[in-house]
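Here it is, the structure in full.
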Amino acid sequence: MQEKEISQAVIRRMPRYYRYLGELLEDGVERISSNDLSRRMNVTASQIRQDLNNFGGFGQQGYGYNVKYLYEEIGKILGLNQQHNIIVIGVGNLGQALANYVKFEKLGFVIIGLFDVNPALEGMSVRGIKVRMLDELETFCAEHRVDIATLTMPKEKADAIANQLVDLGIHAIWNFAHVDLKLIDRDVVVENVHLSDSLMQLSYNIVKNRSARENDN
Ligand code: NAD
């Protein structure tokens, strides 16, 4: 559908549209104006129109947006009309928490394998998914289609594993290890998730808010 390069800022806003439209669908809303959507999402109507125009619009003058159509189209833009098979490397606290979260599957993200180096975890299952030892990774990747590898292991080992994963044909990494992966000239996309960045941003806003309150008093 899209020929031109869409900015990452626009792409980052798409999941939020998708979530809101999904909620509207669940509430039985069939169509919505960009003004209504803008009020609900606290984004300007012109921002919504501009964002969606990147993909060819979708709205109709005087009608607004067809919620189901827009939901499905944004789903396609985000690649949610296909299943993504995921493996998790590092099945400690975070790896297990992710594996236990069932709702990813509703979006088409299906965890098919869990890998660790700790022999104490071998044979254990998380939500029915068996924990395998890392030395089984190569065979597993040869036998299964793996679309995304999640890194939830110590950062010291992350670069080596990431490069090995690319060698095994995996082209997407969901990286939770607190390190900027060194994947030079590799054919791979990386999405870094740092919950602490979000907390630091919250902390900044707490401080700002507090000082504004103090100045008011
Ligand atoms: P954890 O110690 O509970 O789990 C780590 C697991 O990785 C263990 O089971 C360990 O055996 C395994 N492991 C060690 N070396 C490995 C290797 N070479 N290959 C595969 N598995 C290996 O730690 P945790 O609390 O689950 O955190 C996991 C990672 O995620 C850490 O790097 C941590 O800093 C990071 N983390 C990131 C965020 C975030 O927001 N990005 C939040 C929490 C933790």
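Indexing begins at 1, ligand by ligand and atom by atom, following the structure's order.
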Margin query: Give the atom numbers and elements of ligand 1 that come within less than 4.0 Å of a heavy atom of K157.
Written below: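 Per the distance check, 18 (N).
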
Margin query: Protein non-hydrogen atoms only, distance under 4.0 Å: does atom 3 (O) of ligand 1 have such a neighbour?
Written below: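 Answer yes: something from the protein, a heavy atom, is under 4.0 Å.
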
Item checked: Contact check, side chains of L137 and I87, non-hydrogen atoms, under 4.5 Å ->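 Yes, side chains in contact.
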
Item checked: ligand 1 atoms in contact with I89 (distance to a heavy atom under 4.0 Å) ->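 Heavy-atom distances to I89 below 4.0 Å select 20 (C).
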
Checklist line | Identity and separation of the nearest protein heavy atom to atom 17 (C) of ligand 1 | finding: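 Here the closest protein heavy atom is V117 CG1, 3.7 Å.
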
Check: Polar-atom distance check: L94 versus ligand 1, any N or O pair below 3.5 Å?
Finding: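 Yes, L94 has an N/O under 3.5 Å of an N/O on ligand 1.
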
Notebook entry, point to check: Near N118, which atoms of ligand 1 are under 4.0 Å from a heavy atom of that residue?
Noted result: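 Those qualifying, in numeric order: 11 (O).
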
Margin query: As a test of the contact definition, would atom 26 (O) of ligand 1 count as having a protein heavy-atom neighbour under 4.0 Å?
Written below: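 Yes, there is a protein heavy atom closer to it than 4.0 Å.
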
Notebook entry, point to check: So which heavy atom on N118 is nearest to which on M133, and how close?
Noted result: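 Here N118 and M133 meet closest at O-CE, 3.3 Å.
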
Next item on the list: Indicate, as side chain, backbone, both or neither, the part of H178 found under 4.0 angstrom from ligand 1 when only non-hydrogen atoms are considered.
Entry: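 For H178, the contact with ligand 1 is made by the side chain alone.
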
Item checked: Nearest atoms (heavy-atom pairs only) where S38 meets V43 ->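 Taking S38 first and V43 second, the nearest heavy atoms are CB-O, 2.8 Å.
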
Margin query: For atom 35 (C) of ligand 1, what's the nearest protein heavy-atom neighbour? Residue, atom name and distance, please.
Written below: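 Closest protein heavy atom to atom 35 (C) of ligand 1: F176 O, 3.6 Å.
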
Next item on the list: Answer with side chain, backbone, both or neither: which part of M153 has a heavy atom less than 4.0 angstrom from an atom of ligand 1?
Entry: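 For M153, the contact with ligand 1 is made by both the backbone and the side chain.
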
Next item on the list: Let me know which of D180, T150, N192 forms a side chain to side chain donor-acceptor pair (under 3.5 Å) with N175.
Entry: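 For N175, the side chain to side chain donor-acceptor pair (under 3.5 Å) check succeeds only for N192.
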
Item checked: Nearest option to atom 14 (C) of ligand 1, as decided by whichever heavy atom of A158, G92, P154, P119 sits closest ->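 The nearest heavy atom belongs to P154.
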
Next item on the list: Taking only Lys NZ, Arg NE, NH1 and NH2, and the carboxylate oxygens of Asp or Glu, determine whether R210 and E214 approach each other closer than 4.0 Å.
Entry: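 No salt bridge links R210 with E214.
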
Next item on the list: Tell me, with the steps shown, if I86 and F104 meet side chain to side chain contact (heavy atoms under 4.5 Å, CB included).
Entry: CA-CA 10 Å; I86 302 185; F104 291 139; 5.9 Å; no

Item checked: Ligand-residue contact atoms, ligand 1 with T152, heavy atoms, under 4.0 Å ->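 Ligand 1 atoms under the 4.0 Å threshold to T152: 5 (C), 7 (O), 28 (C), 29 (C).
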
Checklist line | Of all pairs that satisfy salt bridge (charged side-chain N to carboxylate O under 4.0 Å, His left out), the ones with a partner from residues 28-38, not counting sequence neighbours | finding: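 Qualifying pairs, neighbours excluded: D36-R39.
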
Margin query: Regarding ligand 1, does D116 bring an N or O atom to under 3.5 Å of one of the ligand's N or O atoms?
Written below: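 The answer is yes, given that D116 and ligand 1 share an N or O pair closer than 3.5 Å.
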
Next item on the list: Check each atom of ligand 1 against the heavy atoms of V193 and keep those under 4.0 Å away; list them by number with element.
Entry: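 Those qualifying, in numeric order: 39 (C), 40 (O), 41 (N).
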
Notebook entry, point to check: Would you say L195 has any N or O atom under 3.5 Å from an N or O of ligand 1, going by distance alone?
Noted result: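 Between L195 and ligand 1, an N or O pair is found under 3.5 Å apart.
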
Checklist line | Pairs satisfying ring-ring contact (aromatic ring centres under 6.0 Å, His included), at least one member in residues 7-41, at least two apart | finding: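 Counting only pairs at least two positions apart or across chains, the ring-ring contact (aromatic ring centres under 6.0 Å, His included) contacts touching residues 7-41 are Y18-Y71.
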
Item checked: ligand 1 to S196 polar contact by distance, N or O atoms, under 3.5 Å ->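 N/O-N/O distance below 3.5 Å does not exist for this pair.
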
Notebook entry, point to check: Which atom pair, heavy atoms only, marks the closest approach of A149 to L165?
Noted result: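 Heavy atoms only, the tightest pair is CB-CD1, 3.6 Å.
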
Notebook entry, point to check: Ring centroid separation for W174 and F109, is it under 6.0 angstrom?
Noted result: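 No.
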
Next item on the list: Locate the shortest heavy-atom distance separating I89 from M153; write the atom from each residue and the value.
Entry: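 Looking at all heavy atoms of both residues, the closest pair is O-CG, 3.0 Å.
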
Item checked: Which of the ligand 1 atoms, numbered from 1, are nearer than 4.0 Å to a heavy atom of L134 ->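 Result: 19 (N).
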
